[in-house]
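What follows is a set of notes on a single structure, which appears directly below.
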2 protein chains.
Amino acid sequence: MTEALIHQTAENSNDSTTVTPVPATAQLSPADVEAAVFAIADRSRSAARKMAHANRAWKDRGLRAIGTALLERKDHILAANAKDVAAGRANGTRASMLDRLTLTEARIDALVKALENLATLPDPVGNVVRGQTLPNGLRLRQINVPMGVVAAIYEARPNVTVDIAGLALKSGNAVILRGGSAAAATNAALVIILRDALETVGLPADAVQTVDEFGRDGANALMRARGRVDVLIPRGGRDLIQSVVTNSSVPVIETGEGNVHIFLDSSADEEMAVDILLNAKTQRPSVCNTVETLLVHSGSTVLPAVAKALRAAGVTLHVDDRIRAALPAGVETVAATEEDWATEYMDLDLAVAMVDSLDDAVDHIRTWSTGHTEAILTNDLANAERFIADVDSAAVIVNASTRFTDGGELGLGAEVGISTQKLHARGPMGLTELTTTKWIVQGEGQTRG
Amino acid sequence: MTEALIHQTAENSNDSTTVTPVPATAQLSPADVEAAVFAIADRSRSAARKMAHANRAWKDRGLRAIGTALLERKDHILAANAKDVAAGRANGTRASMLDRLTLTEARIDALVKALENLATLPDPVGNVVRGQTLPNGLRLRQINVPMGVVAAIYEARPNVTVDIAGLALKSGNAVILRGGSAAAATNAALVIILRDALETVGLPADAVQTVDEFGRDGANALMRARGRVDVLIPRGGRDLIQSVVTNSSVPVIETGEGNVHIFLDSSADEEMAVDILLNAKTQRPSVCNTVETLLVHSGSTVLPAVAKALRAAGVTLHVDDRIRAALPAGVETVAATEEDWATEYMDLDLAVAMVDSLDDAVDHIRTWSTGHTEAILTNDLANAERFIADVDSAAVIVNASTRFTDGGELGLGAEVGISTQKLHARGPMGLTELTTTKWIVQGEGQTRG
């Protein structure tokens with residue numbers, strides 16, 4: 001699972017200008033769409049029941065069958081994708097959006113490789129979370145079981161179709177997909193291939209279904225399917241996620257933005273500071289764990305070296321007045337406004353502010369952070385401990401790059417996304433986060449006194 | 001934490017007929033109320049930061065200080081409560097509702113005892129969930145940390161005020177309360193006592209706040225306070241919970257109903273079946289883990305004995321035609337309708353249906369269950385395993401009473417409630433479920449390659 005599959009910027013798929021053929025269902029009333037979507041969810045529930053019984057070997061056969069089918073039908077997929085891309089181009093869709101919409105042989109190969117990686121991972125289902133024998137002899141264990149019906153609402157990136165289906169199937173779930181309609185032809189082709197492949201190994205085709213044909217009404221019906229859909233995962237830009245979070249009565253797992261901070265304490269080593277800042281800002285600026293704001297302690301002596309290294313790497317520094325005054329004249333900067341503290345640039349830009357204390361740094365972070373990842377660079381043990389305790393984010397890092405907040409890097413195997421909410425999952429989410437738990441209590445006639 | 005504090009039936013506090021004095025804030029517009037509630041949430045955030053730093057000993061001192069204050073100011077509490085009860089009586093409030101509204105010396109003592117029990121429990125905060133050292137030397141651990149700001153919306157049961165505040169504080173959170181306005185005078189008195197007690201031990205008074213003065217608009221504002229409130233816990237009847245689940249953009253933990261089933265397999269022992277059914281139905285019929293439907297395998301020979309025992313205990317049996325035909329003439333029954341399969345009686349009533357197989361039993365359960373608890377009584381190992389695997393409920397029990405689905409019985413210490421949702425927590429919830437996690441990554445300059 002590469003980050004590119006997961007982190008998207010806030011661009012909409014612009015349904016209104018899509019020229020894919022209008023499906024027969026377009027005339028349906030919202031109530032009719034809701035009935036149709038709920039019927040799909042009920043078929044998904046039946047399929048989920050079968051998926052929950054499939055052991056790891058069976059599910060892995062399904063993932064590999066999907067991989068094989070994707071390779072065998074590559075030409076068909078690329079032809080469908082070419083239609084979507086041509087339509088997008090005709091609509092004047094932006095280049096970055098067209099790029100996300102486009103599948104290539106290499107991208108299909110990468111999807112197949114990700115499925116193969118999923119097949120090598122342990123099965124989260126059946127893992128015993130905890131257990132004990134009670135004084136009255138009851139044997140108690142809490143185990144991971146599949147969520148059941150997982151739904152995903154995402155933008156016009158057809159690789160997400162395969163990605164999220166693979167994750168859901170590996171964790172024993174059935175999945176209902178709603179992709180951006182600008183990718184409708186590609187998604188339709190992919191869903192047929194996935195369903196056929198599942199059937200070849202005896203898994204239920206209905207474990208993968210789509211509501212794309214119902215457009216926005218379909219997405220809205222999914223959000224109202226509480227009790228029928230167990231969890232809804234929005235994947236995409238800020239607007240999409242906020243819309244789902246606000247409108248869904250189905251529980252949502254939010255994978256959010258990263259307005260990531262590094263605090264450069266006065267005791268931080270210069271070489272380490274330069275290395276980490278360069279890595280955190282320039283290794284892959286477009287992803288959510290890249291640093292966006294550097295907070296520099298007023299006692300730090302390494303700021304000039306860090307600033308020069310970042311400038312040499314092409315980073316635009318958006319600085320406050322005190323940082324400007326502390327830098328040599330030769331270091332080019334632009335003046336920061338309050339907006340910079342709030343901005344997730346996802347580009348070669350960095351906001352830089354001076355603070356007089358660790359407390360001031362923490363206050364800045366608490367004001368502006370999205371709760372994704374924050375790091376401190378320091379050689380002061382007490383400050384490291386206080387930073388860890390005081391910063392309320394999914395990941396808190398001491399003396400390492402913020403780029404490590406990633407399921408793959410942290411050893412979780414596949415990554416569903418990085419949760420910035422506090423309920424259910426926080427930080428990098430692995431397959432286990434697509435499961436729930438069940439208590440199993442076994443006795444021989446015990447009653448309660 | 002007794003079940004009586006947690007499980008409530010669907011009676012509303014009937015705000016419109018309350019005769020408690022109209023507060024000065026009643027003229028505020030919804031926008032003004034929202035601003036006021038958000039300001040309360042922001043003070044709660046500051047208090048939460050202090051609570052997160054309080055170690056176990058300090059928090060336990062706070063709980064005990066609250067207990068002492070409740071005892072010292074018992075007369076004051078009872079006087080305030082008498083006003084609410086008198087107003088309720090004047091409004092014609094039903095007796096069962098008045099009973100829930102009423103505090104007595106004994107009930108205050110029970111609250112203090114529950115606080116003392118909380119103080120004896122381990123602190124969930126700081127527990128290491130998992131950890132490892134990565135190949136690159138990064139030290140990784142995921143620890144439990146407080147949620148932050150917990151809000152609760154509940155009905156006119158003033159004991160919930162103390163109960164939920166104690167749970168939230170013990171787990172290092174700040175809490176915002178919205179109780180039923182029929183208990184407004186009692187809640188106002190309690191909140192002042194709680195806040196004062198926290199201050200006496202140096203904990204922030206704002207760790208306990210109320211939005212009761214804003215009425216329904218206050219509750220609505222709480223539900224919109226996403227980002228300010230970390231989790232919202234509705235406690236009360238079905239209507240209250242459904243309303244919160246549907247309208248809240250703040251993540252919700254739903255503690256739900258229990259339409260609990262027992263499947264009497266043909267191999268079940270008669271004595272065990274009689275004991276467990278009597279216990280599960282009659283020991284405390286008004287709570288959520290009491291059995292509501294008995295499914296009897298058509299090959300079972302113990303039905304008459306079970307039915308006679310239940311009748312002797314005063315249980316009304318709502319039976320289908322096949323059960324009626326299988327019972328001796330002397331066993332009194334009433335005919336079941338489909339509504340019986342859906343009903344959580346919470347009383348000395350039991351629906352009884354005959355099924356021809358374990359699969360039919362599971363199908364019935366999947367159709368009608370609320371996903372709380374189901375049990376099988378059997379001596380057949382394969383059937384036990386299939387029931388465990390096939391039933392998708394928070395707790396699945398083999399050969400024991402359904403009454404064991406309870407945080408106290410299952411060794412969790414205090415109980416926040418029984419979650420029937422799949423996200424975050426499922427089944428009995430302990431203090432840990434009022435925490436989230438934080439990843440802590442420690443290195444010495446590691447960057448990502």
Side-chain angles (χ1 to χ4, degrees), chain A residues 49 52-53 132 134 138 140 142 145 147-148 226 230-231 245-246 249 251-253 269 271-272 275-276 278-280 283 366 384 388-390 392-401 403-405 409-411 421-424 426-428 436-448, chain B residues 49 52-53 132 134 138 140 142 145 147-148 226 230-231 245-246 249 251-253 269 271-272 275-276 278-280 283 366 384 388-390 392-401 403-405 409-411 421-424 426-428 436-448:
Chain A
R49 190 167 166 184
H53 284 274
Q132 62 173 316
L134 296 177
L138 284 179
L140 197 65
Q142 186 183 30
V145 297
M147 279 278 179
R226 190 176 177 100
D230 293 304
V231 62
V245 159
T246 308
S249 64
V252 170
I253 298 181
D269 175 75
E271 191 184 333
M272 185 194 287
D275 287 351
I276 289 177
L278 279 178
N279 186 257
Q283 197 221 7
R366 287 194 167 247
I388 289 170
D390 260 8
D392 187 29
S393 297
V396 183
I397 295 180
V398 179
N399 293 337
S401 173
R403 293 271 297 116
F404 285 111
T405 305
E409 291 294 318
L410 297 186
Q421 70 180 35
K422 292 182 176 178
L423 219 63
H424 188 69
R426 195 179 192 204
T436 181
T437 57
K438 184 195 279 190
W439 286 96
I440 296 167
V441 182
Q442 294 185 270
E444 43 278 313
Q446 282 86 343
T447 55
R448 188 160 164 189
Chain B
R49 192 167 164 184
H53 284 274
Q132 63 172 316
L134 297 176
L138 283 180
L140 197 66
Q142 186 183 30
V145 296
M147 279 279 179
R226 190 175 176 98
D230 293 303
V231 62
V245 159
T246 307
S249 63
V252 171
I253 298 181
D269 175 76
E271 190 183 334
M272 186 195 287
D275 287 351
I276 289 178
L278 279 177
N279 187 258
Q283 196 220 9
R366 286 195 167 246
I388 289 171
D390 259 10
D392 186 29
S393 297
V396 184
I397 294 179
V398 179
N399 293 338
S401 173
R403 293 272 296 116
F404 286 111
T405 305
E409 291 295 317
L410 298 186
Q421 70 181 35
K422 292 183 176 178
L423 219 62
H424 187 70
R426 196 180 192 203
T436 181
T437 57
K438 184 196 280 190
W439 286 95
I440 296 166
V441 182
Q442 294 186 269
E444 44 278 311
Q446 282 86 343
T447 55
R448 188 158 163 192

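Hydrogens, waters and symmetry mates play no part in the numbers below; they use all other heavy atoms, side chains included. Chain identifiers are assigned alphabetically (A, B, ...) following the order of the sequence lines, protein sequences preceding nucleic acid strands; residue numbering begins at 1 within each chain.
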Value for NE2 (A:His424) from CD1 (B:Ile253), rounded to nearest 0.5 Å, stands at 12.0 Å
Bottom line for B:Arg226: the part with an atom under 4.5 Å from chain A's heavy atoms is side chain
To the nearest 0.5 Å, atom CZ of A:Arg403 lies from atom CZ of B:Arg448 at 4.0 Å
Non-neighbouring partners of A:Lys422 that pass salt bridge (charged side-chain N to carboxylate O under 4.0 Å, His left out), sequence neighbours left out
A:Asp392, B:Asp230
Under 4.5 Å heavy-atom distance to chain A, tell me which part of B:Val245 shows up: side chain, backbone, both or neither.
both
Got a sec, which residues hit salt bridge (charged side-chain N to carboxylate O under 4.0 Å, His left out) with A:Asp390, two or more places apart in sequence or on another chain?
B:Arg49
Could you measure the distance from the OG atom of A:Ser401 to the CG atom of B:Leu138? Nearest 0.5 Å is fine.
9.5 Å
In this structure, CH2 of A:Trp439 is separated from OG1 of B:Thr405 (nearest 0.5 Å) by 10.0 Å
Of A:Ser249, A:Ala389, A:Ala52, the largest count of non-hydrogen pairs under 4.5 angstrom with chain B goes to A:Ala389
Check each atom of B:Ala394 against the heavy atoms of chain A and say whether the ones under 4.5 Å are side chain, backbone, both or neither.
backbone
Which one, A:Lys438, A:Gln142, A:Glu271, A:Met147, leads in non-hydrogen pairs under 4.5 Å with chain B?
A:Lys438
Atom group of B:Leu140 that falls short of 4.5 Å from chain A, counting heavy atoms:
side chain
Could you look at B:Ile388 and say if it's the side chain, the backbone, both or neither that has a heavy atom under 4.5 Å from chain A?
both
As a test of understanding, state which of A:Ile397, A:Val398, A:Val396 forms a side-chain contact (heavy atoms from CB on, under 4.5 Å) with B:Gln442.
A:Val398
